[in-house]
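Below is one structure; the comments refer to it alone.
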Amino acid sequence: MRTRVVVVGAGPAGLLLSHLLDRVGIESVLLENRSPEYVLGRIRAGVLESSSVDLLTEVGLGRRIAAEGDEHRGIHLQWTEPDGHGERHHLDFVDHVGRSVWIYGQTELTKDLMAAREMAGQQSFYEVSDVALHDVDTDHPSVTFRDADGRDQRVEAEAIAGCDGFHGPSRSAVPDAVRRTWERTYPFAWLGVLADVPPSTDELIYAWHPDGFALHSMRSATVSRLYLQVPPDEDIEQWPDDRIWEALATRLGHGQDGWTLRDGPVTEKSVLPMRSFVATPMRHGRLFLAGDAAHIVPPAGAKGLNLAVADVTLLARALTAWLVEGSGTLVDSYSDDALRRVWRCTHFSWWMTSMLHTLPPGLGDEFDQQLQLSQLRWVTSSQAGAAGLAENYAGLPIGF
Ligand code: FAD
Ligand code: DHB
(Lines give C-alpha, C1' and ligand atoms only; values in the text may rest on other atoms or scores of the structure.)
(Ligands and ions follow the chains in the order given, each with its own letter.)
Protein backbone atom coordinates (compact mmCIF):
# COMPACT_ATOMS: atom_id res chain seq x y z
CA MET A 1 0.00 0.00 0.00
CA ARG A 2 1.03 3.59 -0.50
CA THR A 3 -0.35 6.70 1.15
CA ARG A 4 0.88 10.18 2.05
CA VAL A 5 0.86 9.90 5.87
CA VAL A 6 0.64 6.77 8.05
CA VAL A 7 -0.99 7.63 11.36
CA VAL A 8 -0.21 5.10 14.10
CA GLY A 9 -2.82 5.14 16.90
CA ALA A 10 -6.53 6.03 16.87
CA GLY A 11 -6.64 7.97 20.13
CA PRO A 12 -7.60 11.66 20.05
CA ALA A 13 -4.21 12.67 18.58
CA GLY A 14 -4.27 10.20 15.65
CA LEU A 15 -7.97 10.61 14.84
CA LEU A 16 -7.87 14.40 14.92
CA LEU A 17 -4.68 14.55 12.86
CA SER A 18 -6.22 12.32 10.19
CA HIS A 19 -9.28 14.65 10.11
CA LEU A 20 -7.15 17.80 9.79
CA LEU A 21 -5.14 16.21 6.97
CA ASP A 22 -8.27 15.06 5.17
CA ARG A 23 -9.62 18.62 5.20
CA VAL A 24 -6.66 19.80 3.14
CA GLY A 25 -6.76 16.78 0.83
CA ILE A 26 -3.88 14.81 2.35
CA GLU A 27 -4.64 11.08 2.29
CA SER A 28 -3.70 8.96 5.30
CA VAL A 29 -3.88 5.37 6.54
CA LEU A 30 -4.78 4.94 10.21
CA LEU A 31 -3.54 1.94 12.25
CA GLU A 32 -4.87 0.99 15.68
CA ASN A 33 -4.12 -2.16 17.66
CA ARG A 34 -7.42 -2.18 19.59
CA SER A 35 -11.01 -2.50 18.37
CA PRO A 36 -13.16 0.65 17.89
CA GLU A 37 -15.38 -0.52 20.79
CA TYR A 38 -12.40 -0.84 23.11
CA VAL A 39 -11.11 2.62 22.18
CA LEU A 40 -14.59 4.10 22.74
CA GLY A 41 -15.01 2.31 26.07
CA ARG A 42 -11.94 3.84 27.73
CA ILE A 43 -12.96 6.38 30.37
CA ARG A 44 -10.34 9.09 30.36
CA ALA A 45 -10.20 12.88 30.28
CA GLY A 46 -13.18 15.21 30.60
CA VAL A 47 -12.06 18.84 30.26
CA LEU A 48 -11.52 20.72 26.98
CA GLU A 49 -9.70 24.05 27.04
CA SER A 50 -11.21 26.96 25.14
CA SER A 51 -8.49 26.74 22.47
CA SER A 52 -9.28 23.03 21.91
CA VAL A 53 -12.99 23.83 21.56
CA ASP A 54 -12.24 26.73 19.18
CA LEU A 55 -10.10 24.48 17.01
CA LEU A 56 -12.61 21.61 16.99
CA THR A 57 -15.40 24.05 16.11
CA GLU A 58 -13.34 25.58 13.30
CA VAL A 59 -12.83 22.15 11.72
CA GLY A 60 -16.49 21.11 11.84
CA LEU A 61 -16.45 19.11 15.07
CA GLY A 62 -18.17 21.58 17.39
CA ARG A 63 -21.82 20.65 16.98
CA ARG A 64 -22.14 18.00 19.70
CA ILE A 65 -19.77 19.86 22.04
CA ALA A 66 -22.07 22.90 21.84
CA ALA A 67 -25.24 20.80 22.19
CA GLU A 68 -24.17 18.27 24.80
CA GLY A 69 -21.05 19.71 26.44
CA ASP A 70 -21.21 21.89 29.50
CA GLU A 71 -19.41 25.24 29.50
CA HIS A 72 -17.80 26.11 32.86
CA ARG A 73 -16.61 29.59 33.80
CA GLY A 74 -14.06 28.22 36.28
CA ILE A 75 -13.44 25.78 39.13
CA HIS A 76 -13.92 25.60 42.88
CA LEU A 77 -10.75 25.28 44.93
CA GLN A 78 -11.07 24.22 48.54
CA TRP A 79 -9.09 23.06 51.53
CA THR A 80 -9.75 21.67 54.99
CA GLU A 81 -7.05 22.56 57.48
CA PRO A 82 -5.81 19.92 59.94
CA ASP A 83 -7.87 21.68 62.70
CA GLY A 84 -11.05 21.17 60.64
CA HIS A 85 -11.41 24.76 59.35
CA GLY A 86 -12.53 24.59 55.73
CA GLU A 87 -12.86 27.10 52.86
CA ARG A 88 -14.20 26.81 49.30
CA HIS A 89 -13.51 29.52 46.71
CA HIS A 90 -14.73 29.89 43.13
CA LEU A 91 -12.03 30.88 40.67
CA ASP A 92 -13.67 32.50 37.65
CA PHE A 93 -11.47 32.03 34.56
CA VAL A 94 -13.71 34.22 32.39
CA ASP A 95 -13.32 37.17 34.78
CA HIS A 96 -9.56 36.66 34.98
CA VAL A 97 -8.54 35.79 31.42
CA GLY A 98 -11.73 35.91 29.33
CA ARG A 99 -11.74 32.17 28.56
CA SER A 100 -13.84 29.24 29.79
CA VAL A 101 -13.49 25.43 29.67
CA TRP A 102 -15.90 22.74 28.48
CA ILE A 103 -16.83 19.46 30.10
CA TYR A 104 -16.99 16.95 27.28
CA GLY A 105 -15.80 13.39 27.82
CA GLN A 106 -12.92 12.01 25.79
CA THR A 107 -15.18 9.13 24.78
CA GLU A 108 -17.65 11.60 23.21
CA LEU A 109 -14.88 13.41 21.35
CA THR A 110 -13.54 10.06 20.15
CA LYS A 111 -17.02 9.18 18.86
CA ASP A 112 -17.15 12.45 16.88
CA LEU A 113 -13.65 11.90 15.48
CA MET A 114 -14.36 8.29 14.46
CA ALA A 115 -17.54 9.41 12.69
CA ALA A 116 -15.56 12.09 10.82
CA ARG A 117 -12.94 9.53 9.77
CA GLU A 118 -15.66 7.23 8.48
CA MET A 119 -17.30 10.10 6.54
CA ALA A 120 -13.95 10.89 4.93
CA GLY A 121 -13.93 7.36 3.52
CA GLN A 122 -10.23 6.88 4.20
CA GLN A 123 -8.63 3.59 5.19
CA SER A 124 -8.48 2.65 8.85
CA PHE A 125 -7.21 -0.67 10.19
CA TYR A 126 -8.28 -1.64 13.72
CA GLU A 127 -7.08 -4.66 15.73
CA VAL A 128 -3.73 -4.71 13.97
CA SER A 129 -0.67 -6.34 15.55
CA ASP A 130 3.12 -6.37 15.15
CA VAL A 131 3.25 -2.70 14.11
CA ALA A 132 6.85 -1.78 13.19
CA LEU A 133 8.28 1.46 11.78
CA HIS A 134 11.05 1.30 9.17
CA ASP A 135 13.54 3.71 7.57
CA VAL A 136 12.13 6.76 9.33
CA ASP A 137 15.31 8.74 8.68
CA THR A 138 15.21 8.12 4.92
CA ASP A 139 12.90 9.52 2.23
CA HIS A 140 11.04 6.18 1.96
CA PRO A 141 9.70 5.35 5.44
CA SER A 142 7.19 2.53 5.88
CA VAL A 143 5.17 0.72 8.51
CA THR A 144 4.54 -3.03 8.57
CA PHE A 145 1.73 -4.69 10.51
CA ARG A 146 -0.55 -7.72 10.61
CA ASP A 147 -4.18 -6.87 9.91
CA ALA A 148 -7.21 -8.20 11.79
CA ASP A 149 -7.51 -11.11 9.28
CA GLY A 150 -3.92 -12.17 9.93
CA ARG A 151 -2.48 -10.79 6.66
CA ASP A 152 0.95 -9.13 6.75
CA GLN A 153 0.86 -5.65 5.24
CA ARG A 154 3.31 -2.86 4.42
CA VAL A 155 2.34 0.75 3.91
CA GLU A 156 4.78 3.23 2.40
CA ALA A 157 4.35 6.95 2.96
CA GLU A 158 5.97 10.37 2.88
CA ALA A 159 5.60 10.80 6.64
CA ILE A 160 4.70 8.75 9.72
CA ALA A 161 2.76 10.28 12.61
CA GLY A 162 3.44 8.42 15.86
CA CYS A 163 0.22 9.00 17.82
CA ASP A 164 0.28 5.65 19.61
CA GLY A 165 0.29 6.83 23.21
CA PHE A 166 2.80 6.15 25.96
CA HIS A 167 3.13 2.39 25.30
CA GLY A 168 3.17 2.42 21.48
CA PRO A 169 6.21 1.57 19.32
CA SER A 170 6.75 4.97 17.62
CA ARG A 171 8.82 6.71 20.30
CA SER A 172 11.46 3.98 20.28
CA ALA A 173 11.92 4.42 16.52
CA VAL A 174 13.89 7.56 17.50
CA PRO A 175 17.39 6.16 18.11
CA ASP A 176 18.69 6.14 21.70
CA ALA A 177 21.61 8.32 20.65
CA VAL A 178 19.19 11.04 19.53
CA ARG A 179 16.39 10.71 22.08
CA ARG A 180 16.41 12.44 25.45
CA THR A 181 13.81 11.83 28.13
CA TRP A 182 12.80 13.55 31.36
CA GLU A 183 10.67 11.76 33.93
CA ARG A 184 9.14 12.30 37.36
CA THR A 185 7.02 9.69 39.10
CA TYR A 186 4.81 10.74 42.01
CA PRO A 187 4.36 8.90 45.31
CA PHE A 188 0.58 8.64 44.87
CA ALA A 189 -2.07 7.64 42.34
CA TRP A 190 -5.73 8.51 41.66
CA LEU A 191 -8.65 6.21 42.21
CA GLY A 192 -11.09 7.25 39.45
CA VAL A 193 -14.79 6.56 39.88
CA LEU A 194 -17.71 6.90 37.47
CA ALA A 195 -21.12 6.97 39.19
CA ASP A 196 -24.73 7.17 38.08
CA VAL A 197 -25.61 10.16 40.23
CA PRO A 198 -26.27 13.80 39.32
CA PRO A 199 -23.23 15.97 40.13
CA SER A 200 -23.37 17.61 43.55
CA THR A 201 -21.70 20.74 42.17
CA ASP A 202 -22.15 23.15 39.25
CA GLU A 203 -18.41 23.29 38.45
CA LEU A 204 -15.44 21.06 39.33
CA ILE A 205 -14.23 20.97 42.94
CA TYR A 206 -10.49 20.50 43.54
CA ALA A 207 -10.04 19.72 47.24
CA TRP A 208 -6.95 19.64 49.44
CA HIS A 209 -7.44 17.54 52.58
CA PRO A 210 -5.00 16.11 55.19
CA ASP A 211 -6.24 12.62 54.15
CA GLY A 212 -5.35 13.36 50.51
CA PHE A 213 -6.64 15.14 47.41
CA ALA A 214 -10.16 14.69 46.01
CA LEU A 215 -11.78 15.96 42.80
CA HIS A 216 -15.46 16.17 41.94
CA SER A 217 -15.98 16.24 38.17
CA MET A 218 -18.86 15.15 35.97
CA ARG A 219 -19.84 13.78 32.59
CA SER A 220 -23.49 14.82 32.29
CA ALA A 221 -26.54 15.92 34.33
CA THR A 222 -26.85 12.33 35.57
CA VAL A 223 -23.27 11.04 35.70
CA SER A 224 -20.53 12.13 38.13
CA ARG A 225 -16.78 11.53 37.76
CA LEU A 226 -14.84 11.55 41.02
CA TYR A 227 -11.22 11.03 42.00
CA LEU A 228 -9.41 10.24 45.27
CA GLN A 229 -5.68 10.38 45.97
CA VAL A 230 -4.53 6.88 46.98
CA PRO A 231 -1.10 5.26 47.48
CA PRO A 232 0.65 4.24 44.22
CA ASP A 233 -0.21 0.68 43.08
CA GLU A 234 -3.20 0.68 45.43
CA ASP A 235 -5.23 -2.54 45.24
CA ILE A 236 -8.71 -1.60 44.00
CA GLU A 237 -10.16 -4.37 46.21
CA GLN A 238 -9.29 -2.16 49.19
CA TRP A 239 -11.94 0.31 47.98
CA PRO A 240 -15.48 -1.05 48.21
CA ASP A 241 -18.07 1.53 47.17
CA ASP A 242 -18.97 2.48 50.77
CA ARG A 243 -15.38 3.34 51.57
CA ILE A 244 -15.13 5.44 48.38
CA TRP A 245 -18.23 7.50 49.23
CA GLU A 246 -17.11 7.94 52.83
CA ALA A 247 -13.67 9.21 51.78
CA LEU A 248 -15.19 11.52 49.17
CA ALA A 249 -17.64 12.94 51.71
CA THR A 250 -14.84 13.66 54.18
CA ARG A 251 -12.39 15.15 51.69
CA LEU A 252 -14.96 17.16 49.71
CA GLY A 253 -16.51 18.60 52.89
CA HIS A 254 -19.96 17.00 53.05
CA GLY A 255 -21.97 18.98 55.60
CA GLN A 256 -19.77 22.09 55.50
CA ASP A 257 -21.75 25.30 54.96
CA GLY A 258 -24.81 23.25 54.02
CA TRP A 259 -23.13 21.49 51.05
CA THR A 260 -23.94 17.81 50.60
CA LEU A 261 -22.44 15.08 48.44
CA ARG A 262 -25.00 12.85 46.71
CA ASP A 263 -23.91 9.23 46.31
CA GLY A 264 -25.11 6.59 43.86
CA PRO A 265 -24.20 3.39 42.04
CA VAL A 266 -20.54 3.18 41.00
CA THR A 267 -20.33 1.94 37.39
CA GLU A 268 -16.56 1.95 36.88
CA LYS A 269 -13.49 2.35 39.07
CA SER A 270 -9.77 2.10 38.41
CA VAL A 271 -6.41 3.25 39.79
CA LEU A 272 -4.41 5.67 37.61
CA PRO A 273 -0.65 5.88 38.16
CA MET A 274 0.86 9.32 37.86
CA ARG A 275 3.94 10.58 36.09
CA SER A 276 5.43 13.47 34.19
CA PHE A 277 7.39 12.43 31.10
CA VAL A 278 8.81 14.30 28.11
CA ALA A 279 10.74 12.77 25.19
CA THR A 280 12.62 14.95 22.70
CA PRO A 281 12.91 15.53 19.80
CA MET A 282 9.32 15.14 18.62
CA ARG A 283 10.54 14.76 15.05
CA HIS A 284 13.18 12.40 13.70
CA GLY A 285 13.55 12.33 9.92
CA ARG A 286 10.07 11.60 8.56
CA LEU A 287 8.67 10.45 11.91
CA PHE A 288 6.62 12.97 13.93
CA LEU A 289 5.49 12.18 17.49
CA ALA A 290 2.33 13.73 18.95
CA GLY A 291 0.31 13.43 22.18
CA ASP A 292 1.05 10.81 24.83
CA ALA A 293 3.58 9.13 22.51
CA ALA A 294 5.91 12.04 23.33
CA HIS A 295 4.76 13.25 26.76
CA ILE A 296 2.64 12.41 29.79
CA VAL A 297 1.39 14.82 32.46
CA PRO A 298 -0.22 14.01 35.81
CA PRO A 299 -3.96 14.65 35.44
CA ALA A 300 -4.52 17.45 38.00
CA GLY A 301 -4.21 20.21 35.39
CA ALA A 302 -6.54 18.42 32.90
CA LYS A 303 -3.91 18.87 30.18
CA GLY A 304 -3.27 15.42 28.60
CA LEU A 305 -6.04 15.51 26.02
CA ASN A 306 -5.59 19.23 25.30
CA LEU A 307 -1.88 18.79 24.64
CA ALA A 308 -2.69 16.04 22.14
CA VAL A 309 -5.06 18.46 20.35
CA ALA A 310 -2.44 21.24 20.34
CA ASP A 311 0.34 18.96 19.04
CA VAL A 312 -1.63 17.67 16.09
CA THR A 313 -2.89 21.16 15.21
CA LEU A 314 0.73 22.29 14.85
CA LEU A 315 1.64 19.05 13.08
CA ALA A 316 -1.21 19.28 10.57
CA ARG A 317 -0.18 22.86 9.72
CA ALA A 318 3.43 21.77 9.28
CA LEU A 319 2.59 18.72 7.14
CA THR A 320 0.23 20.82 5.00
CA ALA A 321 2.92 23.40 4.34
CA TRP A 322 5.36 20.62 3.48
CA LEU A 323 3.24 18.15 1.50
CA VAL A 324 0.91 20.62 -0.24
CA GLU A 325 2.91 23.84 -0.54
CA GLY A 326 6.45 22.40 -0.59
CA SER A 327 7.73 24.44 2.36
CA GLY A 328 9.71 22.59 5.03
CA THR A 329 9.99 25.50 7.48
CA LEU A 330 7.19 24.36 9.80
CA VAL A 331 8.16 20.68 9.83
CA ASP A 332 11.69 21.78 10.74
CA SER A 333 10.40 23.81 13.69
CA TYR A 334 7.60 21.36 14.71
CA SER A 335 9.48 19.77 17.60
CA ASP A 336 10.59 23.09 19.14
CA ASP A 337 7.20 24.73 18.54
CA ALA A 338 5.29 21.85 20.17
CA LEU A 339 7.74 21.47 23.06
CA ARG A 340 7.31 25.09 24.20
CA ARG A 341 3.69 24.33 25.01
CA VAL A 342 4.49 20.84 26.28
CA TRP A 343 6.92 22.22 28.87
CA ARG A 344 4.47 24.95 29.91
CA CYS A 345 1.76 22.32 30.51
CA THR A 346 4.30 19.97 32.14
CA HIS A 347 5.14 22.70 34.62
CA PHE A 348 1.50 23.64 35.25
CA SER A 349 0.46 20.01 35.79
CA TRP A 350 3.40 19.43 38.15
CA TRP A 351 2.53 22.63 40.03
CA MET A 352 -1.16 21.75 40.45
CA THR A 353 -0.16 18.24 41.53
CA SER A 354 2.38 19.53 44.06
CA MET A 355 -0.06 22.06 45.50
CA LEU A 356 -2.97 19.67 45.94
CA HIS A 357 -1.62 16.25 47.02
CA THR A 358 -0.45 15.40 50.51
CA LEU A 359 2.89 13.64 50.66
CA PRO A 360 3.20 10.28 52.44
CA PRO A 361 5.11 10.22 55.77
CA GLY A 362 8.85 10.30 55.18
CA LEU A 363 8.48 12.30 51.95
CA GLY A 364 6.67 15.30 53.40
CA ASP A 365 5.65 16.80 56.70
CA GLU A 366 3.59 19.60 58.25
CA PHE A 367 5.93 22.19 56.76
CA ASP A 368 4.95 21.01 53.26
CA GLN A 369 1.28 21.17 54.26
CA GLN A 370 1.61 24.78 55.40
CA LEU A 371 3.29 25.71 52.11
CA GLN A 372 0.47 24.07 50.14
CA LEU A 373 -2.18 25.87 52.19
CA SER A 374 -0.34 29.14 51.71
CA GLN A 375 -0.31 28.65 47.92
CA LEU A 376 -4.02 27.82 47.94
CA ARG A 377 -4.79 30.98 49.92
CA TRP A 378 -2.65 32.97 47.49
CA VAL A 379 -4.29 31.72 44.27
CA THR A 380 -7.75 32.28 45.74
CA SER A 381 -7.10 35.75 47.15
CA SER A 382 -4.60 37.43 44.83
CA GLN A 383 -5.59 38.70 41.36
CA ALA A 384 -2.15 37.81 40.03
CA GLY A 385 -2.16 34.32 41.58
CA ALA A 386 -5.68 33.56 40.35
CA ALA A 387 -4.98 34.91 36.85
CA GLY A 388 -1.88 32.70 36.54
CA LEU A 389 -3.83 29.56 37.39
CA ALA A 390 -6.75 30.62 35.19
CA GLU A 391 -4.53 31.42 32.19
CA ASN A 392 -2.90 28.00 32.30
CA TYR A 393 -6.02 25.97 33.13
CA ALA A 394 -8.28 27.61 30.53
CA GLY A 395 -5.43 27.10 28.07
CA LEU A 396 -2.86 29.15 26.26
CA PRO A 397 -3.20 29.77 22.53
CA ILE A 398 -2.18 26.73 20.48
CA GLY A 399 0.77 28.47 18.87
CA PHE A 400 2.19 29.33 22.33
P1 FAD B 1 -3.98 7.73 23.48
O2 FAD B 1 -5.32 8.20 23.81
O3 FAD B 1 -3.26 6.84 24.43
O4 FAD B 1 -4.08 7.01 22.08
C5 FAD B 1 -3.06 6.20 21.55
C6 FAD B 1 -3.67 5.12 20.70
O7 FAD B 1 -2.63 4.32 20.14
C8 FAD B 1 -4.54 4.18 21.52
O9 FAD B 1 -5.80 4.05 20.92
C10 FAD B 1 -3.76 2.89 21.53
O11 FAD B 1 -4.59 1.75 21.61
C12 FAD B 1 -3.01 2.98 20.23
N13 FAD B 1 -1.82 2.13 20.15
C14 FAD B 1 -0.97 1.78 21.13
N15 FAD B 1 -0.04 0.95 20.68
C16 FAD B 1 -0.30 0.76 19.37
C17 FAD B 1 0.31 -0.02 18.37
N18 FAD B 1 1.35 -0.80 18.61
N19 FAD B 1 -0.21 0.01 17.12
C20 FAD B 1 -1.29 0.78 16.85
N21 FAD B 1 -1.92 1.54 17.77
C22 FAD B 1 -1.43 1.53 19.01
N23 FAD B 1 -6.10 13.27 30.84
C24 FAD B 1 -6.76 14.24 31.42
O25 FAD B 1 -6.57 15.39 31.05
N26 FAD B 1 -7.67 13.94 32.44
C27 FAD B 1 -7.92 12.65 32.82
O28 FAD B 1 -8.75 12.39 33.69
C29 FAD B 1 -7.23 11.62 32.22
N30 FAD B 1 -7.44 10.33 32.58
C31 FAD B 1 -6.69 9.37 32.00
C32 FAD B 1 -6.85 8.04 32.38
C33 FAD B 1 -6.07 7.03 31.81
C34 FAD B 1 -6.24 5.60 32.26
C35 FAD B 1 -5.10 7.37 30.83
C36 FAD B 1 -4.22 6.30 30.21
C37 FAD B 1 -4.97 8.69 30.43
C38 FAD B 1 -5.75 9.69 31.01
N39 FAD B 1 -5.62 11.03 30.61
C40 FAD B 1 -6.31 11.98 31.21
C41 FAD B 1 -4.73 11.44 29.57
C42 FAD B 1 -5.45 11.59 28.23
O43 FAD B 1 -6.46 10.63 28.13
C44 FAD B 1 -4.39 11.40 27.18
O45 FAD B 1 -3.45 12.44 27.32
C46 FAD B 1 -4.94 11.39 25.76
O47 FAD B 1 -5.70 10.23 25.55
C48 FAD B 1 -3.80 11.45 24.77
O49 FAD B 1 -4.24 11.13 23.49
P50 FAD B 1 -3.29 10.36 22.49
O51 FAD B 1 -4.11 10.17 21.26
O52 FAD B 1 -1.99 11.02 22.43
O53 FAD B 1 -3.00 8.94 23.19
C1 DHB C 1 -11.25 15.35 34.92
C2 DHB C 1 -9.99 14.86 34.99
C3 DHB C 1 -8.97 15.67 35.41
O4 DHB C 1 -7.71 15.21 35.45
C5 DHB C 1 -9.20 16.97 35.79
O6 DHB C 1 -8.18 17.73 36.22
C7 DHB C 1 -10.47 17.46 35.74
C8 DHB C 1 -11.51 16.64 35.31
C9 DHB C 1 -12.36 14.48 34.47
O10 DHB C 1 -12.10 13.31 34.16
O11 DHB C 1 -13.50 14.94 34.42
Side-chain angles (χ1 to χ4, degrees), residues 6-18 29-36 38-49 52 70 72 75 101-107 109-110 113-114 124-133 143-147 161-173 189-190 192-194 199 203-206 213 215-220 223-227 268 270-275 277 289-312 315 342 345 348-349 352-353 356 393 395:
V6 184
V7 179
V8 186
L15 284 165
L16 178 58
L17 177 66
S18 74
V29 168
L30 181 67
L31 305 178
E32 165 62 47
N33 65 345
R34 303 286 192 169
S35 67
Y38 181 93
V39 172
L40 280 170
R42 288 188 300 220
I43 309 296
R44 290 186 167 181
V47 178
L48 290 176
E49 297 173 351
S52 300
D70 198 7
H72 286 192
I75 56 170
V101 294
W102 286 75
I103 303 303
Y104 193 66
Q106 183 167 328
T107 44
L109 178 61
T110 306
L113 290 166
M114 280 185 175
S124 305
F125 292 84
Y126 283 85
E127 298 181 84
V128 302
S129 53
D130 297 341
V131 172
L133 285 66
V143 179
T144 52
F145 64 97
R146 182 160 300 151
D147 70 20
C163 302
D164 43 2
F166 188 66
H167 300 287
S170 293
R171 191 173 59 253
S172 47
W190 278 10
V193 173
L194 199 66
E203 297 191 341
L204 273 53
I205 305 171
Y206 285 79
F213 170 72
L215 169 61
H216 191 325
S217 182
M218 59 204 67
R219 286 292 178 273
S220 69
V223 176
S224 296
R225 178 76 170 147
L226 302 128
Y227 297 96
E268 201 258 2
S270 54
V271 174
L272 320 172
M274 221 164 272
R275 61 154 70 86
F277 176 88
L289 300 176
D292 279 17
H295 43 72
I296 297 280
V297 289
K303 288 290 166 232
L305 173 58
N306 294 292
L307 264 182
V309 170
D311 283 356
V312 297
L315 181 54
V342 167
C345 293
F348 177 66
S349 304
M352 287 285 280
T353 304
L356 289 164
Y393 195 109

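Note that the numbering runs from 1 along the sequence shown for the chain. As the structure lists them, so they are numbered: ligands from 1, and atoms in each ligand from 1. Quick note: numbers below take in every heavy atom, side chains included, and nothing from hydrogens, waters or symmetry partners. All values reported here derive from a predicted model rather than from experimental measurement.
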Examine the proximity of ligand 2 to Ile103 and report which part, side chain or backbone, both or neither, has a heavy atom under 4.0 Å away.
neither

State, with a plain yes or no, whether a side-chain heavy atom of Val223 is found less than 4.5 Å away from one of Leu194.
yes

Gap between atom CG of Leu30 and atom OG of Ser18 - 0.5 Å precision
5.5 Å

Sorted by chain and residue number, the residues having a heavy atom closer than 4.0 Å to an atom of ligand 1 are Val8, Gly9, Ala10, Gly11, Pro12, Ala13, Leu31, Glu32, Asn33, Arg34, Arg42, Arg44, Ala45, Gln106, Val131, Cys163, Asp164, Gly165, Gly168, Pro169, Tyr227, Leu272, Gly291, Asp292, Ala302, Lys303, Gly304, Leu305, Ala308

Which protein non-hydrogen atom lies closest to atom 11 (O) of ligand 2, naming both residue and atom, and how far is it?
Ser217 OG, 2.5 Å

Please confirm whether the backbone N or O of Tyr126 pairs with a side-chain atom of Glu32, one donor and one acceptor, at under 3.5 Å?
no

Arg171 to Phe166, cation-pi by 6.0 Å centre distance and 45° axis angle:
yes

Is the shortest heavy-atom distance from the side chain of Ile43 to the side chain of Arg225 under 4.5 Å?
yes

Under-4.0 Å heavy-atom contact with ligand 2, by part of Arg44 that carries it
backbone

Would one find an N or O of Leu204, backbone or side chain, under 3.5 Å from an N or O of ligand 2?
no

Among Leu226, Val47, Leu272, the residue with a heavy atom nearest to atom 8 (C) of ligand 2 is Val47

Would you check if the side chain of Asp130 reaches a backbone N or O of Phe145 as a donor-acceptor pair within less than 3.5 Å?
no

Atoms of ligand 2 close to Trp190 [distance to a heavy atom under 4.0 angstrom, numbered from 1]:
4 (O)

Can you confirm if the NZ or CZ of Arg275 lies within 45° of the ring axis of Phe277 and under 6.0 Å from the centre of its six-membered ring?
no

Walk me through it: do Asp311 and His295 pass the test side-chain hydrogen bond (donor to acceptor under 3.5 Å, both in side chains)?
CA-CA 11 Å; Asp311 283 356; His295 43 72; 2.6 Å; yes

Give me the ring orientation class for Tyr227 and Trp190: parallel if the planes are under 30° apart, tilted from 30 to 60°, perpendicular past 60°.
tilted

Distance under 4.0 Å to a non-hydrogen atom of Ala300: what atoms of ligand 2 satisfy this?
6 (O)

Checking Glu203 now: which residues fulfil side-chain hydrogen bond (donor to acceptor under 3.5 Å, both in side chains) with it, not counting sequence neighbours?
His90

Would the distance check show the side chain of Thr353 and the main-chain N or O of Ser349 forming a donor-acceptor pair, the cut-off being under 3.5 Å?
yes

Non-hydrogen atom of Leu215 closer than 4.0 Å to ligand 2:
yes

With heavy atoms under 4.0 Å as the rule, classify the contact between Pro299 and ligand 2 as side chain, backbone, both or neither.
both

Ala302 heavy atoms, cut-off 4.0 Å: which ligand 2 atoms fall inside?
5 (C), 6 (O)

Answer whether the closest heavy-atom distance between the side chains of Arg219 and Ser224 falls below 4.5 Å.
no

In ligand 2, the atoms that come under 4.0 Å of a heavy atom of Tyr206 are 5 (C), 6 (O), 7 (C)

For atom 1 (C) of ligand 2, find the nearest protein heavy atom and state the residue, atom name and distance (0.1 Å precision).
Tyr227 CE1, 3.8 Å

Sub-3.5 Å donor-acceptor pair from the side chain of Asp164 to the main-chain atoms of Ser170, do we have one?
yes

Can you tell which part of Tyr104 has a heavy atom less than 4.0 Å from ligand 2: side chain, backbone, both or neither?
neither

Give yes if a backbone or side-chain nitrogen or oxygen of Tyr393 is under 3.5 Å from a nitrogen or oxygen of ligand 2, and no if not.
no

